[in-house]
Amino acid sequence: MTSLSLNARPLPTPPPEPSLRPAVLSDVAGMEELMAPFVTTGDLLPRSNYDLCRHIKEYVVAEGQDGAIVGTASLKIYSTELAEVAGLAVRDDQQGRGVGKALVESLLVDARALGLKVVFGLTRKPLFFIRLGFQVVEKEQFPLKVWADCARCPRQHACDEVAVALTL
């Protein structure tokens with residue numbers, strides 16, 4: 001044995017991973033709280049309580065060991081072939097731990113099961129999506145998105161989001 005192995009200490013156990021599950025109505029308040037700082041910075045479009053409740057079946061959440069919502073994202077379906085990853089938010093202290101990746105990958109499993117062909121997103125963080133296999137594309141490829149959301153966005157004339165897409 002070397003002196004190095006005698007002095008070795010066990011590595012600290014990483015904190016348990018948050019668990020993913022479909023969102024339920026009782027999650028809405030936690031989702032609003034989680035999304036609020038990202039809405040303030042402009043990284044997310046505002047979503048009303050009504051919209052979250054009405055579209056709750058589109059959302060998946062990451063739940064921490066304490067039951068708190070630490071991440072959320074939705075799969076917004078536009079047609080039989082196209083959907084968007086939307087409302088992706090991960091609590092600051094959980095970022096860099098794979099929570100966002102797990103949320104998106106979960107949505108992609110759902111998209112494949114539904115028979116969708118393309119999943120896209122509009123983001124200020126395109127590198128995150130590129131690491132998951134998405135490619136940068138032109139926003140104009142998604143007129144349904146532009147009509148549905150961009151037309152009512154407060155930043156529509158100064159949009160700094162990048163469109164990314166993944167062919168399934």
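Along the sequence shown, residues are numbered consecutively beginning with 1. Side chains are part of it too, since the values below use all heavy atoms of this structure and drop only hydrogens, waters and symmetry mates.
A 4.5 Å side-chain heavy-atom check between Leu166 and Leu108 finds at least one atom pair inside the cut-off. Considering only heavy atoms from C-beta on, Gln94 comes within 4.5 Å of Pro18 through its side chain. At a threshold of 4.5 Å between non-hydrogen side-chain atoms, the residues Arg21 and Asp27 count as touching. Counting only heavy atoms from C-beta outward, the side chains of Lys76 and Val85 never approach each other to under 4.5 Å. For the pair Leu25 and Cys53, the minimum side-chain heavy-atom distance is below 4.5 Å. Between Pro37 and Thr40 the shortest side-chain heavy-atom distance does not fall below 4.5 Å.
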Determine, step by step, whether Ile56 and Val24 satisfy the side chain to side chain contact (heavy atoms under 4.5 Å, CB included) criterion, reporting the C-alpha distance in whole Å, the side-chain angles of both residues, the deciding distance to 0.1 Å, and the verdict. CA-CA 6 Å; Ile56 196 69; Val24 294; 5.5 Å; no
Take Tyr59 and Leu75 through the test side chain to side chain contact (heavy atoms under 4.5 Å, CB included) and record every step on the way to the result. CA-CA 7 Å; Tyr59 284 87; Leu75 185 67; over 6 Å; no
Dump the intermediate steps for side chain to side chain contact (heavy atoms under 4.5 Å, CB included) on Phe129 and Val136, then the final yes or no. CA-CA 9 Å; Phe129 286 93; Val136 173; over 6 Å; no
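For the atom pair Arg131 CZ and Lys101 NZ, the distance stands at 10.5 Å (nearest 0.5 Å). Distance check: Leu107 CG to Glu84 CD gives 11.0 Å after rounding to the nearest 0.5 Å.
Criterion: ILVMFWY side-chain heavy atoms under 4.5 Å apart, direct or through other members. Under it, Phe142 and Val162 are not part of a common hydrophobic cluster. Cluster annotation: Val70 is not connected to Leu88 through the hydrophobic network of ILVMFWY side chains, with a link wherever side-chain heavy atoms come within less than 4.5 Å. In this structure, Phe134 is a member of the same hydrophobic cluster as Leu127, with clusters built from ILVMFWY side-chain heavy atoms closer than 4.5 Å. When hydrophobic clusters are built by joining Ile, Leu, Val, Met, Phe, Trp and Tyr residues whose side-chain heavy atoms come closer than 4.5 Å, directly or via intermediates, Ile69 is not grouped with Val99.
When atom types are taken as modelled, the side chain of Ser106 and the backbone of Ala102 share no donor-acceptor pair closer than 3.5 angstrom. Remark: the backbone N or O of Val61 is not paired with any side-chain donor or acceptor of Thr72 at under 3.5 angstrom. Looking at Ser19, its side chain never comes within 3.5 Å of a backbone N or O of Gly64 through a donor-acceptor pair. Listed for the Arg47 side chain is a donor-acceptor partner under 3.5 Å among the backbone atoms of Leu45. Between the side chain of Gln95 and the main chain of Val90, a donor-acceptor pair closer than 3.5 Å is present.
Applying the 6.0 Å contact sphere to CD of Gln135 captures no more than 12 heavy atoms from other residues, nucleotides or ligands. Counting heavy-atom neighbours within 6.0 Å of Glu33 CD, excluding the residue itself, gives a total of 12 or less.
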N/O donor to acceptor pairs below 3.5 angstrom from side-chain atoms of residues 114-124, sequence neighbours left out:
from	atom 1	to	atom 2	distance (Å)
Thr123	OG1	Lys125	N	2.8
Arg124	NE	Asp160	OD1	3.1
Arg124	NE	Asp160	OD2	3.1
Arg124	NH1	Thr41	O	2.8
Arg124	NH1	Asp43	OD1	3.2
Arg124	NH2	Asp160	OD2	3.1

